Number of protein chains: 2
Amino acid sequence: MITLKSISKRYEMGSVTVVALHGINLHVDPGEFVVVLGPSGSGKSTLLNMISALDSPTEGTVIVNGQDVTDARQGEKFAFRRHTIGFIFQTFNLFPSLTARENVQFAVDLRRRRNGDSVAEEVLESVGLGPRMDHFPHELSGGEQQRVAIARALATGNPVLLADEPTGELDFRTGVQILELLEAQAQEGKAVLVVTHNREISRIADRVIELGSGEIVSDGPPWEG
Amino acid sequence: MITLKSISKRYEMGSVTVVALHGINLHVDPGEFVVVLGPSGSGKSTLLNMISALDSPTEGTVIVNGQDVTDARQGEKFAFRRHTIGFIFQTFNLFPSLTARENVQFAVDLRRRRNGDSVAEEVLESVGLGPRMDHFPHELSGGEQQRVAIARALATGNPVLLADEPTGELDFRTGVQILELLEAQAQEGKAVLVVTHNREISRIADRVIELGSGEIVSDGPPWEG
Ligand SMILES: Nc1ncnc2c1ncn2[C@@H]1O[C@H](COP(=O)(O)OP(=O)(O)OP(=O)(O)O)[C@@H](O)[C@H]1O
Ligand SMILES: Nc1ncnc2c1ncn2[C@@H]1O[C@H](COP(=O)(O)OP(=O)(O)OP(=O)(O)O)[C@@H](O)[C@H]1O
Ligand SMILES: [Mg+2]
Ligand SMILES: [Mg+2]
């Protein structure tokens with residue numbers, strides 16, 4: 001489902017070159033629940049930006065769901081994301097002028113599904129926001145906004161689910177509920193990649209990839225430790 | 001330093017009333033390092049908004065650093081925040097068109113300190129962002145942006161420091177470094193209040209306040225558990 005070959009990403013900033021990723025080879029099968037761990041600035045968000053074609057690599061190849069998106073044009077990348085990727089951003093990226101329900105419906109509409117309304121309601125219930133569907137992002141707490149962003153990605157029904165710190169703003173109990181939802185998506189055959197620095201989360205994954213200064217330092221089953 | 005008397009905060013949303021806080025009595029002395037724990041939506045950010053006069057209570061009184069700010073006018077609240085409060089927001093709130101250094105200088109300039117430049121540099125070094133001072137927020141990772149927001153609050157030198165999830169985007173090691181900085185501020189005599197749902201953090205506090213559905217459910221030394 002996801003294949004990255006020798007991916008590097010560098011940012012040239014005047015005389016300074018920032019290496020965000022270097023020599024990344026990665027393959028994720030459908031149905032796999034993978035956690036990516038790493039310190040702040042180690043390249044986690046950049047990795048998700050490569051897989052979702054939100055940003056282009058400096059070197060290497062990105063193939064997702066059989067499609068090579070490395071050099072795709074903007075229009076192709078937009079269509080690819082719409083049909084293939086469900087993304088939970090680190091900064092939520094909700095539309096402030098839409099309610100929780102409308103934010104989720106917008107994502108579902110993108111896939112032109114007939115049952116947009118009921119899907120949006122179902123997913124918002126599943127993240128514990130049933131009573132708050134018609135409230136706006138500024139009327140919700142930080143964790144509640146994050147849960148709207150999670151519901152939006154789940155509602156797309158897309159085969160690849162990318163989550164950047166999906167429980168950063170949530171308490172342990174609420175966080176566990178969200179992880180169970182993501183795990184269920186993997187069991188339905190989606191490829192699920194969760195970026196986090198919370199080691200508790202890595203225990204439930206099938207595989208844990210550790211990033212350090214832009215390189216994969218380990219890749220295997222979660223530590224029992 | 002901080003005194004809240006019978007604080008309640010309600011939001012009327014058509015036929016629904018959301019109770020964010022109810023009957024909160026709280027006193028924090030200078031030099032105290034207090035952690036506020038609680039699930040998503042339990043009222044943590046609302047509590048900080050009351051103390052910093054960013055929002056007004058529905059009932060009750062707010063007195064900080066000897067000043068009753070409950071019914072203060074906008075201009076008085078602005079001056080109060082500028083001289084009394086250092087705030088680390090849950091959503092960072094950096095100025096996107098200013099570099100990391102300029103974001104911090106802006107906060108220091110507000111206090112009209114002569115040494116604005118060197119203070120900004122010192123604080124950014126202390127959060128590990130020395131080499132990235134002249135980069136813009138969109139050129140930094142989530143955790144790096146959070147560290148700029150932390151540096152900005154530290155740079156004010158104000159007597160009350162409020163932090164909403166200061167380590168939510170940081171790995172454990174970077175998070176510990178930040179907590180040590182906040183603890184050092186308390187030892188210098190500032191009143192420090194850190195909102196989080198990370199129980200590890202509560203171990204290093206002097207006091208842990210647990211919030212549940214807008215009420216204080218416990219207040220005492222950290223659990224040894
Ligand atoms: N402007 C608003 N209008 C309506 N309800 C609001 C508003 N701001 C906050 N609330 C509600 O008040 C309650 C407390 O919100 P608050 O932001 O204080 O929670 P929190 O403990 O900080 O949660 P989190 O851990 O998710 O950030 C929540 O149910 C929230 O939806
Ligand atoms: N547009 C950009 N310009 C310059 N450098 C960038 C840019 N985006 C990211 N970087 C740098 O690339 C490195 C990796 O960033 P990335 O956002 O992937 O980190 P991360 O692992 O997600 O960190 P965090 O846990 O703090 O979110 C960082 O050093 C960051 O400053
Ligand atoms: Mg990131
Ligand atoms: Mg909050």
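These numbers come from a predicted model, not from an experiment. Just so it is clear: chains get the letters A, B, ... in the order the sequence lines come, proteins before strands, and each one is counted from 1.
- Open room surrounds CZ on A:F172; 12 or fewer heavy atoms of other groups in view lie less than 6.0 Å from it.
- Within the 4.5 angstrom heavy-atom criterion, no atom of A:T196 approaches chain B.
- If you run side-chain hydrogen bond (donor to acceptor under 3.5 Å, both in side chains) between B:S40 and each of A:Q145, A:Q146, A:R147, A:E169, only A:R147 comes through.
- When B:T174, B:D164, B:L170 are compared by the number of non-hydrogen pairs under 4.5 Å with chain A, B:L170 comes out ahead.
- In terms of non-hydrogen atom pairs under 4.5 Å with chain B, the most contact-rich of A:P39, A:P131, A:G143 is A:P39.
- Interface summary for chain A: among B:G142, B:G14, B:S45, the most heavy-atom pairs under 4.5 angstrom belong to B:G142.
- For A:E12, the CD atom counts as densely surrounded, since its 6.0 Å shell holds more than 12 non-hydrogen atoms of other residues, nucleotides or ligands.
- In terms of heavy-atom proximity, A:H197 sits nearest to B:T167 at CE1-O, 4.2 Å.
- For a residue to count as touching a neighbouring chain, one of its non-hydrogen atoms must lie under 4.5 Å from one of that chain's; by this rule B:T46 does not touch chain A.
- Interface residue B:Q90: backbone and side-chain heavy atoms are both found under 4.5 Å from chain A.
- Crowding of B:D71 atom CG: a count of heavy atoms from other residues, nucleotides or ligands under 6.0 Å not exceeding 12.
- A heavy-atom distance below 4.5 Å is found between the side chains of A:V18 and B:H135.
- The neighbour count for A:K77 NZ, taken as heavy atoms of other residues, nucleotides or ligands under 6.0 Å away, is above 12.
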